[in-house]
*Asks:* 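One structure, as structure tokens, below. Some questions next.
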Amino acid sequence: MTKALPRRTLIAATVGTIAVRRAWAEDAKPIRIGMTVSSTGTFALAAQSGLRGAEIWVDDVNSRGGIALGGTKRKVELVKLDDRSDKTIVPKVYETLIKDEKVDLCFGPFGSTLTAAAVNTTETNNKFMVIWSASADSIYAQGYKYVVSATQQAGTLLGRPGVKAFGELGVKKIAFAYLDEPFPAALTNGAMDEAKKLGIEVTMDEKFAKGTKDFNILIQKAKASGADVFMPTAYEGDQMTMARQLREMNVDFKGVYFVYGSQPQFLAIGKDALYHFSQTLLHDRINWKVTGGLTRAQMMERYAKLFPKAPYPADFQTALAYGAGAVLEQFIQEAQTLDAAKLKEAALKLNNKIVTVTGPYEIDATGKQFKNEFAVMQNLPEGVEVVYPPEIATAKAVYPIPPYKDRK
Amino acid sequence: MGLLILNGLANGLIVGGIYALVGVSLTLLYGVLRVVNFAHGEFVIAGSFLAFALFSGLGVPPLLALPVAAIAFFAAGWALYYVLIPRLALSDDPELMSFLMFYGVSIAAAALMLLLFGADSRSIDDTFSPVSVPLGPIYVSTARLVALGITAVLSLALAWFLFRTLPGKALRAAIMNREAIQIMGVDIVRLSAFAFALATALAGVTGVLIALVFPAFNPFSGAEYTIIAFIVVVLGGLGNPMGALLAGVIYGLAEQMATVFLPQAMAQIVGFAILIGTIFFRPSGILGTRSRR
Amino acid sequence: MENASRDEPAALELKGVDVAYHGDIRILRGLSLQARRGLITGVIGPNGAGKSTALRALYGLLKPVAGDVLVDGRRVTGMPPWKFIEHGIALVPQHRSLFNELSVEDNLRLACWSFRGDRARVGEALERAYAQFPMLRERRRDMAGAMSGGQQRFLELGRALALRPRVLLLDEPTAMIAPRISADIYAFIRGLPAQGITVLLVDQNVRQCVQVCDHLYVLELGQNKVDGSARAFREDAGLRELIAEWVDYRIDT
Amino acid sequence: MNVAIETRALAKRFGGLVALDGVDLKVAAGETLGIIGVNGAGKTTLMNCICGLYRPDAGDVFVAGEQVTGQPPHVVAHRGVGRTFQVPRVFRKMSLIDNLLVPVLDRRASDAELIGRAEAMLERMRLIELRHNHAEELSGGQQKLLEMARMLMPDPSIILLDEPFAGVHPLLCKFMIDRIEEMARAGKAVLLISHDLTSIYRLSARVVALNQGRIIAEGGVDAIRDNPAVIEAYLGM
Amino acid sequence: MALSSRTLEPADRIYFMLAALIGGVLLVYFALVPFLGGNIAFHFYLMLWITMASAFNVAAGFAGYLPFGYVAFYGVGAFTTAILVKKAAVPIFLALPLAGVAGLVLALLFAPTLRLSGIYFGIVNLALAGVCRLTITNLPDWLTGGSFGLQLGSRAEPVHSFYVMMAVMVAALATILWLARSRLGKALRATRDDPDAADMMGVNVPRIRLYGWLISAAFPAICGGVEAWYTNVVDTETAFNTLTTAKTVIYAVAGGLGTVTGPVVGAVAMVWLDELIWRRFPLLNLLILGVATVALVLFLPRGIVGTLLRRKPQWRRYVP
């Protein structure tokens with residue numbers, strides 16, 4: 001089927017040469033890319049954030065006339081269906097995308113769980129899948145042939161920058177806690193491995209179930225373990241609760257690390273967000289020398305133009321999905337086909353040759369992403385600053401952070 | 001460790017007070033109407049969202065949101081009663097069907113909140129000053145102390161209402177003997193609607209308090225409160241308001257102490273274990289004397 | 001008493017009432033009965049004859065599928081039970097109707113629900129109950145459930161009387177009551193018409209019922225079997241013959 | 001005398017209420033023993049203790065000479081005890097035929113044979129036309145007949161009848177009395193609770209009067225009829 | 001009244017013909033889906049829901065229990081399959097029956113709750129499902145894969161799991177068809193209508209209930225296993241999702257409990273409705289599901305087939 005498409009477009013192109021440019025553009029069959037979004041459920045917010053990133057990319061490509069493929073410029077069309085954050089719906093959704101909607105290739109859904117369920121369908125139907133948010137290492141250990149994590153770094157690597165940063169700050173003891181979910185668990189496990197490697201003592205390692213509402217005791221336990229730094233990993237909501245409860249209970253650590261601490265939702269809690277460390281891929285202080293797609297500033301501009309009513313400003317999910325689009329564009333140009341195997345070949349060939357808004361790109365044969373490392377941030381009184389890695393740092397970390405009683 | 005236990009006790013008391021309120025409204029409903037409100041947690045969270053909307057939209061502080069929530073939820077409960085319950089009473093087994101129906105209500109309510117407020121966690125950025133108060137060696141957040149105070153006042157007011165006023169006695173009488181209350185000249189439909197509205201109002205008010213105590217909530221938090229409410233209600237004895245108040249505090253303490261001594265992820269099992277154990281070994285609850293089923 | 005005018009509408013009347021459970025199992029079939037003013041009307045019949053059902057239908061606790069309920073000649077079919085108090089009609093059901101975990105006084109106060117705001121009237125009502133049964137005053141702070149069966153029955157009667165009803169419906173008032181106390185209860189019932197109270201008495205205790213009543217209905221299988229003045233029942237045939245008649249009739253048909 | 005049912009000092013209380021207080025009773029095979037008493041005298045409780053629905057607080061129950069005290073109802077049923085209830089307890093959402101098959105489900109006989117027996121039984125009870133209806137669609141009297149038919153399906157040797165005539169149409173009553181007499185003639189021991197005396201007089205040679213959980217009189221029908229204790233308890237003099 | 005005619009009355013003949021017709025249509029339709037290029041995933045889940053709702057019907061419609069934690073069996077079956085395949089390298093065709101066995105074992109563990117009834121049973125079952133989820137959550141990560149769960153790594157060919165699902169559905173429907181006619185089924189329904197009376201008719205109530213409970217537990221466990229195989233991923237979050245119980249209950253009740261066809265009709269109708277909602281109103285799907293449930297309880301408490309048979313009691317003998 002994939003073979004047939006270029007021929008048909010070729011005919012369309014020949015027939016349409018004398019037609020006006022606009023009509024020509026309509027005649028050229030667009031590249032259809034399937035993707036799911038979660039309208040509801042756990043992943044709704046992140047998935048929609050990501051979707052906006054993908055739409056920025058589509059808008060950008062189409063405004064440039066499309067991707068040159070087989071001699072013609074083909075526009076890109078995003079086909080979106082809803083997965084309700086439900087793993088059991090995902091296979092049906094991808095099957096519908098491939099069989100009914102006849103998409104040429106796929107973007108992954110949000111999150112490792114949904115992606116793992118989706119991959120099986122795309123693989124059995126020989127479709128190429130660009131993953132933008134699934135970090136679980138096990139997905140890449142399954143031996144799938146046509147998956148590439150374009151921007152999302154592998155889970156076990158995610159927690160490293162934070163621990164490395166703390167290592168350089170002279171931290172000796174870290175207390176870990178994490179929500180029992182794939183992303184927090186993978187990040188924490190990676191971080192703990194890194195801590196051990198650096199000779200930092202892990203004083204607490206506790207997971208908590210989803211739906212835990214009260215973190216008072218958890219925080220007290222972390223304090224009682226004698227840790228310098230507390231690294232509780234969960235999603236925004238829980239972290240907001242923890243940040244507030246830390247202050248309410250007047251529990252001081254020398255540093256606290258919240259993965260989402262620099263996200264707009266988290267910053268909305270105001271003073272309680274101050275001095276916390278975090279990590280992100282997207283911040284106006286993080287500016288890579290982009291070789292693929294828009295730069296951060298351009299992307300943000302486009303975001304503001306396309307989504308003036310979006311509930312939140314762009315976050316790193318937006319950047320991850322946008323970056324994945326930019327990477328995919330390079331694959332297609334390199335491969336000059338939409339054939340899954342050829343695309344995967346191109347993806348490997350392009351290792352370390354692309355830098356997107358989220359950073360450099362490097363995968364191994366399984367499609368697992370090694371670069372696109374997060375930057376460590378700290379919420380300083382004058383604003384959110386990059387404190388690690390040193391290459392892109394914009395400020396020096398405040399460590400230890402001032403105790404609550406000394407803050408105004 | 002001593003500090004941890006102290007913290008656990010303080011938290012248990014505060015959290016337990018909230019649980020008591022969540023439970024007491026559910027138990028009132030069951031007692032008077034024989035209706036099992038599986039959507040109770042969603043009603044509670046709707047209260048939290050009301051407080052959130054009032055605060056972020058109009059700048060109304062949560063304490064002022066309390067009376068608003070009470071009135072709004074009372075009215076909503078009154079209306080909902082007339083929409084749902086009379087028809088439900090026609091089915092073969094209203095008690096069991098109510099369980100299923102409110103299952104649907106809970107799904108719909110969560111979905112509605114999702115449409116209105118989105119899936120992400122919300123919090124009310126309104127802090128008391130000072131933010132916390134030292135109590136001996138431990139610090140307790142002012143918001144929590146305020147919530148505890150309100151909980152205590154509400155519980156006392158509720159107890160006063162139920163045990164000292166005639167309408168309150170009528171409610172309890174309806175729990176004791178549903179048919180006899182009708183021959184006293186009490187309009188059972190209105191009394192039931194009142195009970196439904198009162199329970200809903202309590203749920204809404206509890207929701208506002210929850211926004212104070214647990215600063216983040218989302219449309220899907222409701223289910224957790226439903227489970228907690230069930231644990232409290234069964235522990236206190238189905239349809240026994242005083243039992244629910246006591247059971248809430250006991251359960252709050254048990255839950256918090258469990259997190260002190262067990263990994264957090266394990267502690268939730270304690271709640272379920274209490275629920276199952278109670279039904280098996282003391283189905284009438286801690287204050288119950290009669291054994292039902 | 002029995003000379004009360006026949007033209008005057010009955011205080012309470014069932015007219016051709018059908019009651020069914022579970023769709024089509026008829027408990028009452030075209031039952032008609034009247035409680036005439038100032039009289040004690042008795043309803044007797046074997047188990048399952050529908051005596052209690054008739055009373056429950058009268059009081060709005062069951063909805064008839066056919067027929068009418070009339071109060072003073074006015075149709076009130078489908079009126080909910082709590083409205084009957086407003087019409088001055090009180091019911092003492094067969095099964096315990098007390099609120100066990102409320103005090104004696106609270107049980108009485110609840111009966112005053114329809115005029116709960118009127119302190120003077122409530123006080124008057126309480127006094128009336130205490131005057132009827134002084135024992136209740138002594139025990140007014142006790143939980144109703146803590147009293148003996150007989151005392152509970154007196155509380156129920158006192159509670160109904162506190163409202164100064166025009167009509168009192170009694171469903172087997174002496175069931176499971178010791179004989180000595182039963183005698184007191186019948187004596188009390190006999191005194192009610194003198195207070196201007198119309199009584200409808202459903203009873204299993206045929207002999208006493210016949211002694212107490214002015215007019216008697218015998219029900220069978222949810223239908224009227226016989227009715228007539230109680231004097232006729234007493235005089236025309238002996239009590240044992242009466243029972244034997246309606247029971248034997250049933251078997252031999 | 002071939003004793004089919006025997007109770008010794010049977011006692012049962014519910015909270016503070018004494019329902020049975022030392023009841024000694026014997027019923028011989030082929031005998032119909034009537035039990036009379038007002039509401040709450042303990043008649044149904046006695047029956048429930050015999051058939052295993054209640055576990056007595058004290059005393060023993062013997063069925064055909066074997067002790068069955070505290071055994072679950074299905075074990076007692078397998079000893080050949082069948083019973084009916086005051087308010088018929090049929091299987092409401094099952095057809096009449098299926099209702100009748102329930103007590104014989106563990107029999108070795110083939111389905112066809114059992115269905116044949118059930119139809120014959122329904123024929124006898126004049127319910128055959130309704131055999132495919134759900135039991136809840138029957139009238140109260142028909143439900144009583146269905147219950148009796150169901151009880152008779154496994155051919156029990158001991159039969160406990162709780163108010164079989166309450167709420168039953170006179171024509172059906174006569175019919176039921178004939179059936180009960182048939183059972184007694186077939187050598188079954190019948191324990192008959194009835195609230196009204198006449199049917200008892202008709203069926204039982206021997207009657208036991210219960211009041212407040214105790215046997216207050218026992219003997220022939222005429223003796224009971226004139227027993228002052230019975231008249232007092234029963235007629236509330 | 002000859003015996004021979006009684007064994008297969010005309011009504012029985014119609015009954016079995018209808019059963020064969022419905023079964024045949026289902027069988028042929030589903031068997032052809034992969035060949036005609038139909039949406040395998042959609043039909044896979046349709047069969048899954050038919051199976052779940054039908055098995056639930058054994059507990060709810062036949063035995064009279066409403067297990068509000070029904071997902072426990074499903075989740076445990078899914079994890080059993082995943083662990084066996086991934087950690088013990090058991091072939092999938094052996095792992096699936098073992099998942100069924102795990103469901104049976106779990107049902108045995110839950111058996112003491114059968115002496116509860118009504119609301120109490122429902123609440124306790126709900127709590128037990130929570131306990132199951134938390135227990136698996138607290139098992140060591142090397143076994144259960146922690147919060148991410150397990151990937152079976154089988155790279156399953158969807159068509160294989162599709163036909164296995166079909167086999168499971170056929171087995172479930174056949175079992176329930178048998179149950180509806182069998183002595184066990186009669187005993188079960190008797191205990192549902194009046195346990196005391198059934199006991200006094202010589203029915204060993206606890207044992208009969210246990211049999212029904214076991215049948216009702218085995219199928220969801222196998223479903224969980226097949227679904228795990230099909231999607232290739234198992235995690236506690238989705239394996240113990242309360243929506244699974246909700247859908248099962250709603251689908252079964254929508255069709256009508258107590259008949260063989262009810263849950264099938266209910267599942268087909270509601271899955272179809274769900275699909276419609278999913279395509280047309282992606283944002284409203286949960287809201288509509290919730291409102292539909294309320295409407296169902298208020299206006300169609302006996303379900304589609306149940307209401308039909310209530311209106312036309314004479315059809316009861318012909319409808320399986």
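Since we're looking at a predicted model, the values are computed, not measured. Chain letters run A, B, ... following the sequence lines, proteins first, then strands; residues in each count from 1.
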*Asks:* Would you mind checking which part of A:Asp180 comes under 4.5 Å of any heavy atom in chain B, side chain (CB onward), backbone (N, CA, C, O), both or neither?
*Replies:*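 When you check distances to chain B, no heavy atom of A:Asp180 falls under 4.5 Å.
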*Asks:* With a 4.5 angstrom heavy-atom cut-off, which part of A:Gln220 approaches chain B: side chain, backbone, both or neither?
*Replies:*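 Both backbone and side chain of A:Gln220 come within 4.5 Å of chain B.
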*Asks:* With distance as the sole criterion, is a donor-acceptor pair present between the side chains of A:Thr241 and A:Asp238 under 3.5 Å?
*Replies:*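 No, A:Asp238 and A:Thr241 have no side-chain donor paired with an acceptor closer than 3.5 Å.
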*Asks:* Looking at every non-hydrogen atom in both residues, tell me the closest pair between A:Ala195 and A:Val202 and how far apart they are.
*Replies:*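 Between these two residues, the closest heavy atoms are CB-CG2, 4.3 Å.
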*Asks:* Pair A:Phe215, A:Phe208 - check ring-ring contact (aromatic ring centres under 6.0 Å, His included), show working.
*Replies:* CA-CA 9 Å; A:Phe215 301 97; A:Phe208 53 91; 5.1 Å; yes
*Asks:* Under a 4.5 Å heavy-atom cut-off, does chain A meet the side chain of B:Gln256, its backbone, both or neither?
*Replies:*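 Answer is both: backbone and side chain atoms of B:Gln256 are under 4.5 Å from chain A.
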*Asks:* So which of B:Ile138, B:Ile124, B:Val133, B:Val140 has the biggest tally of heavy-atom pairs under 4.5 Å with chain A?
*Replies:*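 Heavy-atom pair counts peak at B:Ile124.
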*Asks:* Which heavy atom of A:Val384 sits nearest to which heavy atom of A:Met377, and what is that distance?
*Replies:*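 Residues A:Val384 and A:Met377, closest heavy atoms: CG1-CE, 3.8 Å.
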*Asks:* Below 4.5 Å from any heavy atom of chain B, which atoms of A:Ala177 appear? Answer side chain, backbone, both or neither.
*Replies:*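 For A:Ala177, neither part sits under 4.5 Å from chain B.
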*Asks:* May I ask you to name which of B:Phe128, B:Tyr225, B:Phe217 has the most heavy-atom pairs under 4.5 Å with chain A?
*Replies:*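 The answer is B:Tyr225.
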*Asks:* What parts of residues 248-257 of chain A touch chain B if we use heavy atoms and a cut-off under 4.5 Å?
*Replies:*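 Residues A:Glu248, A:Met249, A:Asn250 are the ones that qualify, each having a heavy atom under 4.5 Å from chain B.
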*Asks:* Using non-hydrogen atoms only, which part of A:Arg244 is less than 4.5 Å away from chain B: side chain, backbone, both, or neither?
*Replies:*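 It is the side chain, since no backbone atom gets that close.
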*Asks:* Of all heavy-atom pairs between B:Leu262 and A:Lys221, which one has the smallest distance, and what is that distance?
*Replies:*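 The answer is O-NZ, 2.8 Å.
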*Asks:* Which atoms of A:Gln245 come close to chain B, meaning under 4.5 Å heavy atom to heavy atom: side chain ones, backbone ones, both, or neither?
*Replies:*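 When you check distances to chain B, only side chain atoms of A:Gln245 fall under 4.5 Å.
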*Asks:* Should we count NZ of A:Lys80 as having more than 12 external heavy atoms under 6.0 Å?
*Replies:*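 Open: at most 12 neighbouring heavy atoms sit under 6.0 Å from NZ of A:Lys80.
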